[in-house]
Amino acid sequence: MLDPTLALFASYGARAVGAAAMTLLLFGFFRQYPKLYLRHWTLGWMALAVYHLAGAIAMTSDSVRVPAWIISSVAGYLEVGWLLFGAYELARRRPVRISDARRITIGLAALGLATSLFLFGDSYSPDVRRLAHSGIHSLVVAIAFGGGAIFLYRVRRRRRGIGFFVIATAFALTSLAALLHFAASIFRAAPGTDHEALPFLGYLDFLVQAIMGMGMIACLLEDEREASELATVEIEHLAYHDALTGLPNRPLFMDRLIVALTQANRYHQKMAVLFLDLDRFKEINDSLGHSTGDALLKSVAERIRRCVREGDTVARFGGDEFTLLIPKIDNVEDAAKIAQKVLENLKIPYQINDRELFATTSIGISIAPNDGSDAETLVRNADTAMYRAKEQGRDNYQLYAPAMNARALERLALENMLRRALSHQELVVHYQPLIELPSRAIVGVEALLRWRHPQLGLLSPAHFISVAELSGLIVPIGGWVMRTAAKQARIWQKRIDPAFSVAVNLSARQFQQPDLVEQISRVLDEVGVRPSTFELEITESNAMQNAENTIFTLRELKALGVRISMDDFGTGYSSLNYLKRFPIDTLKLDQSFVNDIHADPSDAAIASAVIAMAHSLNLIVVAEGVETEEQLDFLSRQRCDRIQGFLFSAPMSADELEPYLLEQRELLA
């Protein structure tokens, strides 16, 4: 007959070896798949190996029995926590909160240390002390793993494979084995009992341990398979959907459009494609930041989605462009109604990051089969119609018409020629004098862009500035004008008057550039122009697009020392409150109020009021477009500060204007 103590030692040793092997196996998997549940399971099996090994040592070595029992007891409780942590993390696909895990781990270690103290002392017999120690541990294991088994049995209904079933069964068997150990502890403590059958419970533990190990390996493999499937689905989703808005992207939209065209052709139905582009979105992005711009795009996408029917497709085509596919319409008016609904919904103010924003869109519509029989043509024609909507003032929709393609081709050709003009130095700067009243002295000039076209001759900005704005070429062109004008001003300051000033117009896109202040500062430093002789002109409408941001930018420009002029005053929609807050130096009275100033009482009243108001705000007033002596006399009586116009000089090149400037200086000397 095998000695019971030796059999118990062999049982402990076999379970320790098995647990150690499982620890190494899980650690290898953890290095390959660094998942948190594998880390906890590895720690749990390591604690189980220590529990069995320390228990075996405690039975055979009196010299280290006390520390061995303490280590075994603490490891036995930690094993419970770590194995259950791993099972929870695998089932829920989220980690146990660090604070909870720390508290539970410390509590289990303290419980193990406390129960190990029952093994020492002489108040009770060794069997009774072991009952107190082992009984508490067995009850904790039975309750913990029993609850874990119930939890995993419920989870396995939502997961494929046998892994969760096996591990749940192993947890249930572990709970049952712990109850048997508890009963055995009571049996061992009873007087006159035979202990020889008790060591064979260890073989049951070994079997349960093996089942648990197989279940964990099965769960790991199934989890990796599910993760791979989810990754495949996610990759496919990302390939065909926009990451920011979740809408279908361009490839998916084109696929659906091709399918819809096939269906429409088969059943002789009409369908519509709508192309949307947000108005002035770049200005919001540049002034308020990309995070605000992204939040606005998501809100816009959601509003568009709510405007269409189930079965229609809303897609983000790229940037601030969206497309709508309406696979079935009865007539053109159906598409127009949807476009109008989208326009009205997008006009409602947006609350983004505690800021109220306004956004509108321009929409182009193409109808199949009239406007195209293939997907590329329909989208291209809707895009062309959208540009027409932009040209018509934005915040509207336009139906495609064949003549639009001709205009689009003209616009593209003009854009290409404009690019060539910039690189081939066909652009030039002309200068129109600014006359001070009543001295009639020339105190400065306004720099005006011209294009010396090889075939068409000298062109004013009216012929090409809109294309420059839409294409973004206005930014490099504007930078070139600024540098050229600054250099010419420096020449005239040396030759004519150190206080001679130059005024340069800023386009809307230039004004929204985040590095505008740095650009101007760099130009002034490199050219050597005093900031006080350099004036920047912004239009009233551009200033009011984002008034608060305008105030911030103007204050930064004023900090450089440059002067600020508001151009075309009276043609926009300025608030007098904002006008008071804008740090400007000059107000330019628009030519439309000057033309009939001597004959139209309304124009005369407006001009007089603007001059008086500007003077009350300590602003200099410049009247534009002065062409007659009658206009000059009226402005002189109203004490207008400065004028410019054909009465004194048309815009001229620097070489043409310089003799005139020298002559005027001599006359006034």
Side-chain angles (χ1 to χ4, degrees), residues 244-245 274-304 316-323 339-340 342-353 355-364 383-398 411 415 461 464-478 505-516 536-554 566-568 571-575 578 582:
L244 177 66
T245 62
L274 280 65
F275 200 106
L276 294 76
D277 186 272
L278 296 185
D279 300 327
R280 299 188 176 95
F281 174 75
K282 189 177 186 302
E283 297 168 12
I284 295 175
N285 228 17
D286 291 343
S287 60
L288 301 180
H290 290 283
S291 60
T292 300
D294 288 347
L296 178 61
L297 285 175
K298 288 195 283 188
S299 297
V300 168
E302 182 57 33
R303 289 194 187 182
I304 297 173
R316 185 184 178 199
F317 223 56
D320 59 339
E321 296 175 338
F322 297 87
T323 48
Q340 189 61 43
V342 171
L343 290 172
E344 291 172 358
N345 274 271
L346 296 191
K347 285 179 184 178
I348 301 171
Y350 300 81
Q351 292 295 327
I352 307 291
N353 299 332
R355 186 189 297 269
E356 188 176 61
L357 298 179
F358 295 86
T360 58
T361 188
S362 300
I363 304 177
D383 185 29
T384 300
M386 181 273 295
Y387 274 103
R388 178 62 177 166
K390 294 275 189 189
E391 294 170 358
Q392 294 298 309
R394 300 182 172 91
D395 190 23
N396 69 94
Y397 68 86
Q398 292 290 319
R411 185 176 64 245
E415 180 182 332
F464 59 86
I465 204 69
S466 61
V467 172
E469 285 276 4
L470 286 172
S471 64
L473 285 172
I474 194 65
V475 175
I477 290 175
N505 291 280
L506 287 180
S507 71
R509 280 213 176 188
Q510 273 184 286
F511 193 72
Q512 297 298 333
Q513 292 298 303
D515 61 341
L516 174 66
L536 298 170
E537 294 189 6
I538 61 169
T539 64
E540 178 187 8
S541 56
N542 288 342
M544 291 303 299
Q545 283 179 17
N546 190 328
E548 292 297 333
N549 187 63
T550 296
I551 292 171
F552 177 80
T553 304
L554 292 181
M566 179 172 285
D567 198 6
D568 299 339
T571 62
Y573 45 90
S574 286
S575 160
Y578 276 117
F582 287 153

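When reading the values below, keep in mind they use all heavy atoms of this one structure, side chains included, and skip hydrogens, waters and symmetry mates. Numbering starts at 1 and runs along the sequence shown.
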Quiz question: by atom type and distance under 3.5 Å, do the side chains of Asp277 and Ser362 form a donor-acceptor pair?
no
Answer yes or no: is there a side-chain heavy-atom contact under 4.5 Å between Thr360 and Leu346?
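A side-chain contact is absent here, since even the closest heavy-atom pair is not under 4.5 Å.
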Do Asp279 and Lys390 come close enough that some side-chain heavy atom pair is under 4.5 Å?
yes
Counting only heavy atoms not in [X] (residues, nucleotides, ligands), do more than 12 fall under 6.0 Å from its [atom1]?
| X | atom1 | result |
| --- | --- | --- |
| Phe281 | CZ | yes |
| Lys298 | NZ | no |
| Phe358 | CZ | yes |

side-chain contact (heavy atoms from CB on, under 4.5 Å) between Leu278 and Ile284, intermediate numbers included
CA-CA 11 Å; Leu278 296 185; Ile284 295 175; over 6 Å; no
What's the verdict on side-chain contact (heavy atoms from CB on, under 4.5 Å) for Gln351 and Glu356, showing C-alpha distance, side-chain angles and the deciding distance?
CA-CA 5 Å; Gln351 292 295 327; Glu356 188 176 61; 3.7 Å; yes
Asn505/Gln510 under side-chain contact (heavy atoms from CB on, under 4.5 Å): CA gap, chis, key distance, verdict
CA-CA 10 Å; Asn505 291 280; Gln510 273 184 286; over 6 Å; no
List the steps, then state whether side-chain contact (heavy atoms from CB on, under 4.5 Å) holds for Leu506 with Leu516.
CA-CA 10 Å; Leu506 287 180; Leu516 174 66; 4.2 Å; yes
Starting at CG of Leu343, measure out to CG of Asn396 and round the result to the nearest 0.5 Å.
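With rounding to 0.5 Å, CG (Leu343) is 7.5 Å from CG (Asn396).
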Between atom CG of Asp395 and atom CD of Glu344, what is the distance when rounded to the nearest 0.5 Å?
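Atom-to-atom, Asp395:CG and Glu344:CD are 10.0 Å apart.
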